[in-house]
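This report concerns only the one structure given below.
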Amino acid sequence: FWLTVKEGYEDAAKEWGVTIDVMATESETDTQGQLEIMDTLLVKDYAAIAVSPLTEQNLIPSIVAANQNDVAVVAVGNGVDAEALKAAGGSIAAFITSDFKAQGTLGAEYIIEKTGGKGKVAVIEGIPGATQSDARRDGAVEAFKAAGMEVLPVQTANFDRQTAYDVMRALIDANPDIVGGTCGN
């Protein structure tokens, strides 16, 4: 996913004739590393910085610092806690995102359609506290419950495919009557 996003940034930069740098942490749980990257970017001469915060809170200090240095900040994908940012004296110039909750709902609706809304289902979340993970989880759980399906306790896979596979395998072993599951990766 992130490689495709990077390619999109690079293609857009070529089209618009601008220079970009794309930086990322080693993992989707390294909130401190992401904050350090943002702080490093602030000492360079950027007109704008696009961020996809790992949590709604972790980049607030750096966004405020960017605002103070007249560097526009665009949030892409994941949002920032608007109230906390405003209280800290910061702002986002633009926010570009997807409806993550709708993504979770759509996955659940597909399973509901295929099963007639009957049976036991699993929901595997990504990283707890990550905007997209929480929203996908909530969308799926709400849709399953609204359909009257039995939702097993939500399991965590931290956006790791092998972990998600192992978690689902264990859920199937423990619940051989499971009819479906969604995963928020």
Side-chain angles (χ1 to χ4, degrees), residues 1-107 123-143 154 156-160 163-164 182-185:
F1 172 81
W2 290 113
L3 291 175
T4 303
V5 170
K6 179 180 185 277
E7 291 168 359
Y9 284 141
E10 291 168 344
D11 291 345
K14 285 178 192 170
E15 181 179 333
W16 289 94
V18 297
T19 303
I20 65 163
D21 294 307
V22 179
M23 304 174 127
T25 59
E26 290 295 318
S27 74
E28 293 195 45
T29 58
D30 187 6
T31 56
Q32 185 59 38
Q34 189 180 46
L35 183 63
E36 290 168 7
I37 288 171
M38 179 78 170
D39 289 341
T40 299
L41 295 176
L42 292 175
V43 299
K44 299 186 179 205
D45 190 28
Y46 290 104
I49 299 174
V51 298
S52 186
L54 295 175
T55 71
E56 291 187 342
Q57 301 281 335
N58 74 299
L59 293 181
I60 289 176
S62 294
I63 293 169
V64 170
N67 294 157
Q68 292 167 346
N69 291 312
D70 295 321
V71 176
V73 178
V74 177
V76 180
N78 298 334
V80 177
D81 182 326
E83 290 180 24
L85 182 58
K86 184 177 179 181
S91 64
I92 295 291
F95 182 42
I96 304 163
T97 192
S98 299
D99 187 337
F100 299 118
K101 189 169 183 181
Q103 292 172 351
T105 301
L106 284 171
V123 175
I124 300 173
E125 67 181 345
I127 297 171
T131 305
Q132 71 279 30
S133 175
D134 290 353
R136 289 176 188 144
R137 175 202 63 215
D138 294 348
V141 169
E142 289 171 17
V154 172
T156 300
N158 292 313
F159 290 138
D160 181 83
T163 302
T182 64
C183 187
N185 301 23

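Worth saying up front: this structure is predicted, and the values here are computed from it rather than measured. Residues take their numbers from the sequence shown, with the count starting at 1.
The CD atom of Q57 lies 11.0 Å from the OG1 atom of T31; values are rounded to the nearest 0.5 Å. One distance of note links OG1 of T25 with CG of L35; it measures 11.5 Å at 0.5 Å rounding. Rounding to the nearest 0.5 Å gives a distance of 10.5 Å between OG1 of T29 and CG of D160. The line from CD1 of I49 to CD1 of I37 is 11.5 Å long, rounded to the nearest 0.5 Å. Here the CG atom belonging to D45 is positioned 11.5 Å from the OG1 atom belonging to T19, to the nearest 0.5 angstrom. From E142, atom CD reaches atom CZ of R137 across 9.5 Å, with rounding to the nearest 0.5 Å.
Of all heavy-atom pairs between L54 and E28, the closest is CD2-O, 3.6 Å. Considering every non-hydrogen atom in both G184 and R136, the closest pair reads O-NH1, 2.9 Å. Here the closest non-hydrogen pair linking A93 and A72 is CB-CB, 4.2 Å. The minimum heavy-atom distance between Y9 and A50, with the atom names listed, is OH-CB, 4.2 Å. The shortest non-hydrogen separation linking A88 to I60 is CB-CG2, 3.8 Å. Across all non-hydrogen atoms, the minimal contact from Y46 to V71 is O-CG2, 3.6 Å.
Between V73 and V51 the shortest side-chain heavy-atom distance falls below 4.5 Å.
Qualifying side chain to side chain donor-acceptor pair (under 3.5 Å) partners for E7, counting only residues two or more places apart in sequence or in other chains: none. Under the side chain to side chain contact (heavy atoms under 4.5 Å, CB included) criterion, K6 pairs with E10, V22, sequence neighbours left out.
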Could you walk me through whether N158 and T163 pass the side chain to side chain contact (heavy atoms under 4.5 Å, CB included) test, one step at a time? CA-CA 8 Å; N158 292 313; T163 302; 5.6 Å; no

Anything under 3.5 Å between a donor and an acceptor, one on a side chain of residues 61-69, the other on a protein residue two or more places apart or in another chain? List them.
{"residue": "S62", "atom": "OG", "partner": "D39", "partner atom": "OD1", "Å": "2.4"}
{"residue": "N67", "atom": "OD1", "partner": "S91", "partner atom": "N", "Å": "2.6"}
{"residue": "N67", "atom": "ND2", "partner": "S91", "partner atom": "O", "Å": "3.2"}
{"residue": "N69", "atom": "ND2", "partner": "A65", "partner atom": "O", "Å": "3.0"}

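Side chains of N58 and T55: a donor on one and an acceptor on the other come within 3.5 Å.
A side-chain donor-acceptor contact under 3.5 Å links Q34 to the backbone of S52.
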